[in-house]
Amino acid sequence: MRWSNLFTPTLREAPGDAEAASHQLLLRGGFMRQLHAGHYSMLPLGWKVHEKVAKIVRDEMNAIGGQEFLLPAMHPKALWEASGRWDGMGDEMFRLHDRSGTEVGLGMTHEEVFASIATEINSYKTLPQIWYQIQWKFRDEPRPKAGLLRVREFAMKDSYSLDLDHAGLDANFDKHHDAYVRIFDQLDLAAMPVEASSGAMGGAGSIEFMVPSPSGEDDVVRCPDCDYRANVERATSKVTPITDDPPPAEPEKFPTPGIRTIKALEAAGAPATSQMKSMIMMLDGKVTIAVVRGDQKLNIQKLQDSTGAIDLRPATPDETVEHLGARPGSLGAVGVANDIAIYVDASLRGRTNLTTGANEDDFHYRGVDIERDINVAEYIDLREVQAGEHCHVCGATLEIVRCIEAGHIFKLGTKYAEAMGAQVLDADGKMQTIVMGSYGIGIGRNMAAIAETHYDEKGLVWPASVAPFEVVLTVMNMSDSDTVKAAETLYDELRAARIDVLIDDRDARAGVKFADSELIGIPYRVTLGPRGIKDGLVEFTERKTMQTEEVALGDIAAKVIATLV
RNA sequence: CGGGAAGUGGCCUAGUUUGGCUAAGGCGCCUGCUUUGGGAGCAGGAGAUCGAGAGUUCGAAUCUCUCCUUCCCGACCA
């Protein structure tokens, strides 16, 4: 490619509404432009990187036996009703009507479509299968974010495994796990596999691949000593047992005028570890109380996962008053009517002598014995792990790392196959429902994750595997015919060797050419100028280290090829 | 959807508090000359209904109202 013919509008300054590093640099380098919130146009340079990422993913999917498909983005309503997700996906699904008034949805993922195709498999002999595509997903995200990190329209590699049984699923899951490790290795992303919540996908188990980055949106609990890693939506930690003093015969109500917070109550003599924090939640329209220890935080995803609720939100102050008779700050679960489910964090099991709100403004109870005084529906893991707690595996002090979710693999089980009627006859002639797995990598998000972790004060520093070009030939003076001739010869040689080479043949000053090539992050640069050409020398610079060495003009082609191939 | 911030040529900003002449500067862009190893210099030039609409006023980028859009923090996800 000739830079004189390349459309890559670079900017000296980042547009004001870009904050994340990847967002700023991808805009400044002319890789992309925003059309509106959550929708980006890929410019030639951005598309090149995108497609290089996609190729790495595609090659690894093919390597584990994946077969590539291309499915429609627009789906009939009936298909999603069959799986129960037409309603389950809520506002996140884009929906529209065709001219006859028929409702359709834009695909957020393709379990339903692939499962419906899988109905054409009739024999166990056809299994296992791995099917995949790299295709556009649409999600009406409530809040698109940080450029390409979270958008409403994006290319995803989604693959699906089809097996006769769970052992087969496990094997395909592991294959994907290994393929993902190889993909992230080639993308030069330090992605760590972590235990994850399955969320709206359903299913038995899932692992997320998480790239540490301050621009991420997920918190991962990481043990520094063993290999325990889990999303906070799922992570657990060791709880230091607390022995309570024996409780009084019954809870004692006492006045707490003006006390509305755990902290204030602590100042009034009740340690946070002996308080119950009661949160009133609406689960699919039903009032529910979730209780954690005073010093702990409720993780809503955990509540959702363990109750199976679809629509889950904190109750409004009005709802709280209506159902419990008091406002937030004086709420508790003691003596609450039977029709309100009370879920209590497992770490509170067996505790006695606790303090909690009395459901009467300005009053609390103390001396509460959970088993005795509260009608607990279920003890479940509800609390969010905090940094400094201890690993439940090895006891080391846990840390919390902010991460970008680069990939997610799920063991789906039979949910979608069952909904679509994807069944096969097994070796015994019995009908079996196909067992599925589903595996996703967002291409654009990975591109952003690479940018987010590969830059310096001069600009981007792409790994050669995904760089828009592998090497740039920077011609210092376009009016010096010897220099131009040497550059053109080298350009032809490198192209013949299938190197992705860019020649900067613009009639611009050296400083501009250097700055641009550094901004767009081409991993290697050959600098050709009259000064060196005179002595038969050129310069070879590595973007990452900015180290330069002089190389004889006659050797440079071989040097570049050896470095890149 | 709740909370916060902001919309002025392609990009970054000033001007808005206290309404007042042709909306200013830098970068980028075009033409010419000059220059050619780190975003050059000189001269000339193009480019803006100041997010949109309504209102107040002799007069609105500036004040009022409504709406739209974007960004950031929370509830969702690759």
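Chain letters run A, B, ... following the sequence lines, proteins first and then strands; every chain starts at 1. Note that the coordinates shown come from a computational prediction; the quantities given were computed from them, not determined experimentally. Basis for what follows: all heavy atoms, side chains included, without hydrogens, waters or symmetry-related copies.
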Worksheet item: Can you tell me how far P of B:A78 sits from CD1 of A:Ile183, to the nearest Å?
Response: 16 Å

Worksheet item: With a non-hydrogen cut-off below 4.0 angstrom, is A:Ala18 in contact with a base, only sugar-phosphate, or nothing?
Response: nothing

Worksheet entry | Parallel, tilted or perpendicular, as decided by the 30° and 60° cut-offs, for the rings of A:Tyr439 and A:His176 | parallel

Discussion item. Please evaluate residues A:Arg182 and A:Asp178 with respect to the criterion salt bridge (charged side-chain N to carboxylate O under 4.0 Å, His left out), reporting the C-alpha separation (whole Å), side-chain torsions for both, the decisive distance (0.1 Å), and the verdict.
Written reply: CA-CA 6 Å; A:Arg182 289 191 294 270; A:Asp178 294 347; 5.3 Å; no

Worksheet entry | Nucleotide of B:A78, B:U70, B:G74 approaching A:Arg445 most closely (side-chain heavy atoms) | B:A78

Worksheet entry | Parallel, tilted or perpendicular: rings of A:His75 and A:Trp80 (30°, 60°) | parallel

Discussion item. Taking B:C63 as the reference, what is the distance to B:G20 when you measure between their P atoms (whole Å, please)?
Written reply: 11 Å

Item to complete: Take the protein atom CZ of A:Arg33 and the nucleotide atom C1' of B:C11, then report the distance between them rounded to whole Å.
Response: 9 Å

Item to complete: Under the side chain to side chain contact (heavy atoms under 4.5 Å, CB included) rule, collect the residues that match up with A:Val232, sequence neighbours excluded.
Response: A:Asp219, A:Val221, A:Asn299, A:Glu384, A:Ile400

Worksheet item: Looking at A:Ile130 and A:Lys175, what are the two nearest heavy atoms and their distance?
Response: CD1-CD, 4.4 Å

Worksheet item: What pairs of residues pass the salt bridge (Lys or Arg N to Asp or Glu O under 4.0 Å) test when at least one of them lies in residues 206-217 of chain A, not counting sequence neighbours?
Response: A:Arg150-A:Glu217

Discussion item. From CG of A:Leu149 over to C1' of B:C76, roughly how many Å is that when rounded to an integer?
Written reply: 15 Å

Worksheet item: Within this structure, what is the NE2-to-C1' distance between A:His50 and B:A78, rounded to whole angstrom?
Response: 11 Å

Discussion item. Check A:Glu111 with A:Arg85, please: is the shortest side-chain N to carboxylate O separation under 4.0 Å?
Written reply: yes

Worksheet entry | Nearest-angstrom distance from the residue atom CD of A:Gln24 to C1' of B:C71 | 12 Å

Discussion item. Suppose you measure atom C1' in B:C21 against the same atom in B:C27; what distance do you get, rounded to whole Å?
Written reply: 29 Å

Worksheet item: Going by the angle between their ring planes, with limits at 30° and 60°, are A:His36 and A:His39 parallel, tilted or perpendicular?
Response: parallel

Worksheet item: Is A:Lys48 close enough and on-axis enough to A:Phe469, meaning under 6.0 Å and within 45°, for cation-pi?
Response: yes

Worksheet entry | Taking every non-hydrogen atom, the tightest pair across A:Ser22 and A:Ala146 | OG-O, 4.4 Å

Worksheet item: Once you round it to whole Å, what is the distance between P of B:A78 and NE2 of A:His110?
Response: 14 Å

Practice prompt. Provide the distance between the two P atoms, one in B:A24 and one in B:A5, to the nearest whole Å.
Written response: 31 Å

Practice prompt. Could you measure between the two C1' atoms, the one in B:C68 and the one in B:A52, and give it in whole Å?
Written response: 7 Å

Practice prompt. Identify, between A:Glu405 and A:Leu11, the residue whose nearest nucleotide on RNA chain B lies closer to the 5' end.
Written response: A:Leu11

Response to the item:
Residues at least two apart in sequence or cross-chain that pass ring-ring contact (aromatic ring centres under 6.0 Å, His included) with A:Phe69, listed by chain then number, are A:Phe114, A:Trp131

Item to complete: Name every residue in residues 150-162 of chain A that has at least one heavy atom under 4.0 Å from any atom of RNA chain B, in order of residue number, or write none if there are no such residues.
Response: A:Arg150, A:Val151, A:Phe154, A:Met156

Discussion item. If I take atom CG in residue A:Asp516 and atom C1' in nucleotide B:G28, what distance separates them, rounded to the nearest angstrom?
Written reply: 12 Å

Worksheet entry | Candidate pair A:Lys544 and A:His454, rule side chain to side chain donor-acceptor pair (under 3.5 Å), full reasoning | CA-CA 9 Å; A:Lys544 189 173 176 181; A:His454 294 74; over 6 Å; no

Worksheet, complete the sentence: Looking only at B:C71, B:A75, B:A78, the nucleotide nearest the A:Pro142 side chain is B:A75

Item to complete: Pick the C1' atom in B:G10 and in B:A46, then give their distance to the nearest Å.
Response: 13 Å

Fill in: Among B:C73, B:C76, B:C11, the nucleotide that comes nearest once only the side chain of A:Arg143 is considered
B:C73

Worksheet item: If a stem is a run of at least 3 consecutive Watson-Crick or G-U pairs, both distances under 3.5 Å, which stems include RNA chain B?
Response: B:1-7 with B:68-74, B:10-13 with B:24-27, B:29-33 with B:41-45, B:51-55 with B:63-67

Worksheet item: Between A:Gln34 and B:C71, is there a side-chain N or O to OP1/OP2 distance below 4.0 Å?
Response: yes

Practice prompt. Assign A:Gly444 to base, sugar-phosphate, or nothing according to its heavy-atom contacts below 4.0 angstrom with the strands shown.
Written response: nothing

Item to complete: Look at all strands and tell whether A:Ala20 reaches a base, only sugar-phosphate, or nothing, counting heavy atoms closer than 4.0 Å.
Response: nothing

Worksheet item: How many Å lie between CD on A:Glu233 and C1' on B:A78, as a whole number?
Response: 13 Å

Worksheet item: Any ion pair linking A:Asp456 and A:Arg543 (charged N to carboxylate O, less than 4.0 Å)?
Response: yes

Item to complete: Rounded to whole angstrom, note down the C1' distance from B:C67 over to B:G7.
Response: 14 Å

Practice prompt. Examine the side chains of A:Ser4 and A:Asp505 and answer whether a donor and an acceptor come within less than 3.5 Å of each other.
Written response: yes

Pick out the pairs of N or O atoms, protein on one side and nucleotides 31-38 of chain B on the other, that lie under 3.5 Å.
residue, atom, partner, partner atom, Å
B:U35, O2, A:Arg509, NH1, 3.1
B:U36, O2', A:Asn477, ND2, 2.8
B:G37, O2', A:Arg531, NH1, 3.3
B:G37, N1, A:Glu539, OE2, 2.8
B:G37, N2, A:Glu539, OE1, 2.5
B:G37, N2, A:Glu539, OE2, 2.9
B:G38, O4', A:Gly511, N, 3.3
B:G38, O6, A:Arg525, NH2, 3.2
B:G38, N1, A:Glu518, OE1, 3.4
B:G38, N1, A:Glu518, OE2, 2.9
B:G38, N2, A:Glu518, OE1, 2.4

Worksheet item: What distance, rounded to whole Å, do you find between the two P atoms, one in B:U66 and one in B:C76?
Response: 32 Å

Discussion item. With rounding to the closest Å, how many angstrom separate the C1' atoms on B:G9 and B:G47?
Written reply: 6 Å

Worksheet entry | Distance-only donor-acceptor test (3.5 Å): side chain A:Asp91, base B:C1 | no

